[in-house]
Amino acid sequence: MKLIFAIINNDDSHAVQSALTKNGFQATKLASSGGFLMAGNTTFMIASEDDKLDEIIEIIKEHSHKRQQFVPNSSAFGQSSYTSFPVEVTVGGATVFVTNIERFEKV
(Lines give C-alpha, C1' and ligand atoms only; values in the text may rest on other atoms or scores of the structure.)
Protein backbone atom coordinates (compact mmCIF):
# COMPACT_ATOMS: atom_id res chain seq x y z
CA MET A 1 0.00 0.00 0.00
CA LYS A 2 0.96 3.61 -0.57
CA LEU A 3 0.17 6.87 1.20
CA ILE A 4 -0.27 9.86 -1.08
CA PHE A 5 0.17 13.39 0.21
CA ALA A 6 -1.25 15.80 -2.38
CA ILE A 7 -0.87 19.54 -1.72
CA ILE A 8 -3.42 21.40 -3.82
CA ASN A 9 -4.43 25.04 -4.20
CA ASN A 10 -7.65 25.84 -2.32
CA ASP A 11 -9.26 26.92 -5.61
CA ASP A 12 -8.98 23.33 -6.90
CA SER A 13 -9.57 21.35 -3.71
CA HIS A 14 -13.34 20.91 -4.13
CA ALA A 15 -12.97 19.62 -7.70
CA VAL A 16 -10.24 17.18 -6.65
CA GLN A 17 -12.24 15.93 -3.66
CA SER A 18 -15.38 15.48 -5.76
CA ALA A 19 -13.50 13.55 -8.47
CA LEU A 20 -11.78 11.30 -5.93
CA THR A 21 -15.10 10.53 -4.22
CA LYS A 22 -16.86 9.93 -7.55
CA ASN A 23 -14.17 7.37 -8.44
CA GLY A 24 -14.47 5.57 -5.10
CA PHE A 25 -11.40 6.93 -3.32
CA GLN A 26 -11.45 8.22 0.25
CA ALA A 27 -9.22 11.07 1.35
CA THR A 28 -8.49 12.93 4.55
CA LYS A 29 -8.43 16.68 3.92
CA LEU A 30 -6.19 19.04 5.91
CA ALA A 31 -5.95 22.83 5.74
CA SER A 32 -2.38 23.98 5.05
CA SER A 33 -0.52 27.05 3.81
CA GLY A 34 2.47 27.51 1.55
CA GLY A 35 5.66 29.14 2.73
CA PHE A 36 6.40 31.30 -0.32
CA LEU A 37 3.12 33.14 -0.88
CA MET A 38 1.51 32.23 2.45
CA ALA A 39 -1.53 31.19 0.42
CA GLY A 40 -4.08 28.64 1.53
CA ASN A 41 -3.72 25.07 0.33
CA THR A 42 -5.44 21.80 1.01
CA THR A 43 -3.41 18.70 1.74
CA PHE A 44 -5.07 15.39 0.93
CA MET A 45 -3.89 12.15 2.54
CA ILE A 46 -4.99 9.14 0.49
CA ALA A 47 -4.23 5.49 1.26
CA SER A 48 -4.12 3.41 -1.91
CA GLU A 49 -3.37 -0.03 -3.21
CA ASP A 50 -0.28 0.03 -5.44
CA ASP A 51 -2.28 -0.68 -8.62
CA LYS A 52 -4.56 2.36 -8.06
CA LEU A 53 -1.73 4.86 -7.59
CA ASP A 54 -1.54 6.04 -11.22
CA GLU A 55 -5.33 6.47 -11.40
CA ILE A 56 -5.37 8.68 -8.30
CA ILE A 57 -2.47 10.82 -9.51
CA GLU A 58 -4.19 11.24 -12.88
CA ILE A 59 -7.37 12.46 -11.14
CA ILE A 60 -5.31 14.98 -9.16
CA LYS A 61 -3.54 16.20 -12.33
CA GLU A 62 -6.81 16.52 -14.21
CA HIS A 63 -8.44 18.71 -11.54
CA SER A 64 -5.47 20.80 -10.34
CA HIS A 65 -4.74 23.72 -12.62
CA LYS A 66 -1.81 26.11 -12.72
CA ARG A 67 -2.69 29.77 -13.15
CA GLN A 68 -0.94 33.11 -13.19
CA GLN A 69 -1.48 35.51 -10.30
CA PHE A 70 -0.09 38.93 -9.44
CA VAL A 71 1.37 39.43 -5.96
CA PRO A 72 3.11 42.42 -4.41
CA ASN A 73 6.84 42.25 -5.06
CA SER A 74 7.61 42.79 -1.37
CA SER A 75 5.59 39.73 -0.28
CA ALA A 76 7.72 37.53 -2.51
CA PHE A 77 10.71 38.41 -0.33
CA GLY A 78 8.92 38.61 3.03
CA GLN A 79 9.24 42.40 3.24
CA SER A 80 5.96 44.20 3.62
CA SER A 81 7.23 47.57 4.89
CA TYR A 82 7.08 49.26 1.48
CA THR A 83 4.84 49.17 -1.57
CA SER A 84 6.20 47.93 -4.85
CA PHE A 85 5.00 46.80 -8.25
CA PRO A 86 3.24 43.45 -8.43
CA VAL A 87 5.03 40.40 -9.81
CA GLU A 88 3.33 37.68 -11.82
CA VAL A 89 3.82 34.18 -10.39
CA THR A 90 2.47 30.75 -11.25
CA VAL A 91 0.23 29.22 -8.58
CA GLY A 92 -1.89 26.11 -8.43
CA GLY A 93 -1.22 22.67 -9.75
CA ALA A 94 -0.36 19.98 -7.24
CA THR A 95 2.63 18.71 -5.34
CA VAL A 96 2.37 14.98 -4.72
CA PHE A 97 4.42 12.80 -2.38
CA VAL A 98 4.05 9.01 -2.29
CA THR A 99 5.33 6.88 0.61
CA ASN A 100 5.05 3.22 1.53
CA ILE A 101 2.62 2.16 4.25
CA GLU A 102 3.99 -0.46 6.61
CA ARG A 103 0.69 -0.98 8.42
CA PHE A 104 -2.86 0.16 7.73
CA GLU A 105 -5.91 -0.46 9.92
CA LYS A 106 -9.43 0.87 10.10
CA VAL A 107 -10.69 0.43 13.64
Side-chain angles (χ1 to χ4, degrees):
M1 284 195 87
K2 302 292 185 193
L3 179 60
I4 303 165
F5 292 95
I7 304 165
I8 297 166
N9 187 285
N10 276 346
D11 294 340
D12 298 324
S13 68
H14 180 73
V16 170
Q17 183 176 20
S18 295
L20 288 169
T21 302
K22 178 181 171 186
N23 286 279
F25 299 110
Q26 297 179 353
T28 299
K29 190 170 139 176
L30 306 169
S32 55
S33 63
F36 180 64
L37 296 175
M38 298 298 188
N41 295 315
T42 301
T43 300
F44 288 94
M45 294 186 335
I46 309 157
S48 167
E49 296 296 336
D50 292 359
D51 63 333
K52 298 291 185 182
L53 183 63
D54 291 334
E55 183 181 353
I56 293 169
I57 292 175
E58 192 57 40
I59 290 169
I60 293 167
K61 282 182 186 177
E62 189 176 316
H63 293 88
S64 301
H65 305 287
K66 290 186 179 182
R67 58 189 67 78
Q68 298 300 111
Q69 178 178 323
F70 285 96
V71 297
N73 190 17
S74 58
S75 70
F77 299 103
Q79 303 170 355
S80 58
S81 61
Y82 63 91
T83 305
S84 61
F85 294 103
V87 176
E88 189 174 30
V89 296
T90 301
V91 297
T95 302
V96 179
F97 300 92
V98 179
T99 62
N100 290 319
I101 295 177
E102 290 185 29
R103 182 174 173 171
F104 177 77
E105 293 183 35
K106 282 190 169 187
V107 294

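Positions are given from 1, in the same order as the sequence printed here.
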(message) For a 4.5 angstrom cut-off between non-hydrogen side-chain atoms, does K2 reach N100?
(response) yes
(message) Surrounding CG of D54 (heavy atoms of other residues, nucleotides or ligands, distance under 6.0 Å), is the total greater than 12?
(response) no
(request) Check whether I60 and F5 end up in the same hydrophobic cluster, where Ile, Leu, Val, Met, Phe, Trp and Tyr are linked by side-chain heavy atoms less than 4.5 Å apart. (result) no
(request) Answer with yes or no whether the hydrophobic clustering places I8 together with L53; edges join I, L, V, M, F, W, Y residues whose side-chain heavy atoms lie under 4.5 Å apart. (result) yes
(message) Please report the interatomic distance CD(E55) to CD(E49), rounded to the nearest 0.5 Å.
(response) 12.5 Å
(request) Mark yes or no for whether D12, through its side chain, and H65, through its backbone, hold a donor-acceptor pair below 3.5 Å. (result) yes
(request) Start with the C-alpha distance between V16 and H63, add both sets of side-chain angles, then the distance that settles side-chain contact (heavy atoms from CB on, under 4.5 Å), and finish with yes or no. (result) CA-CA 5 Å; V16 170; H63 293 88; 3.7 Å; yes
(message) Checking A27 now: which residues fulfil side-chain contact (heavy atoms from CB on, under 4.5 Å) with it, not counting sequence neighbours?
(response) L20, F44, I46
(request) Identify whether F97 and M45 are in the same connected component of the hydrophobic contact network (ILVMFWY, side-chain heavy atoms under 4.5 Å). (result) yes
(request) Test N41 against T95 for side-chain contact (heavy atoms from CB on, under 4.5 Å), laying out the working first. (result) CA-CA 11 Å; N41 295 315; T95 302; over 6 Å; no
(message) For the backbone of F25 and the side chain of N23, can you confirm whether one donor and one acceptor N or O come within less than 3.5 Å of each other?
(response) no
(request) Any chance you could measure S13, atom OG, to I7, atom CD1, to the nearest 0.5 Å? (result) 13.5 Å
(message) Hydrophobic clustering (ILVMFWY, side-chain heavy atoms < 4.5 Å, transitive) - are M1 and L3 grouped together?
(response) yes
(request) Evaluate whether atom CD of Q26 has more than 12 neighbouring non-hydrogen atoms of other residues, nucleotides or ligands under 6.0 angstrom away. (result) no
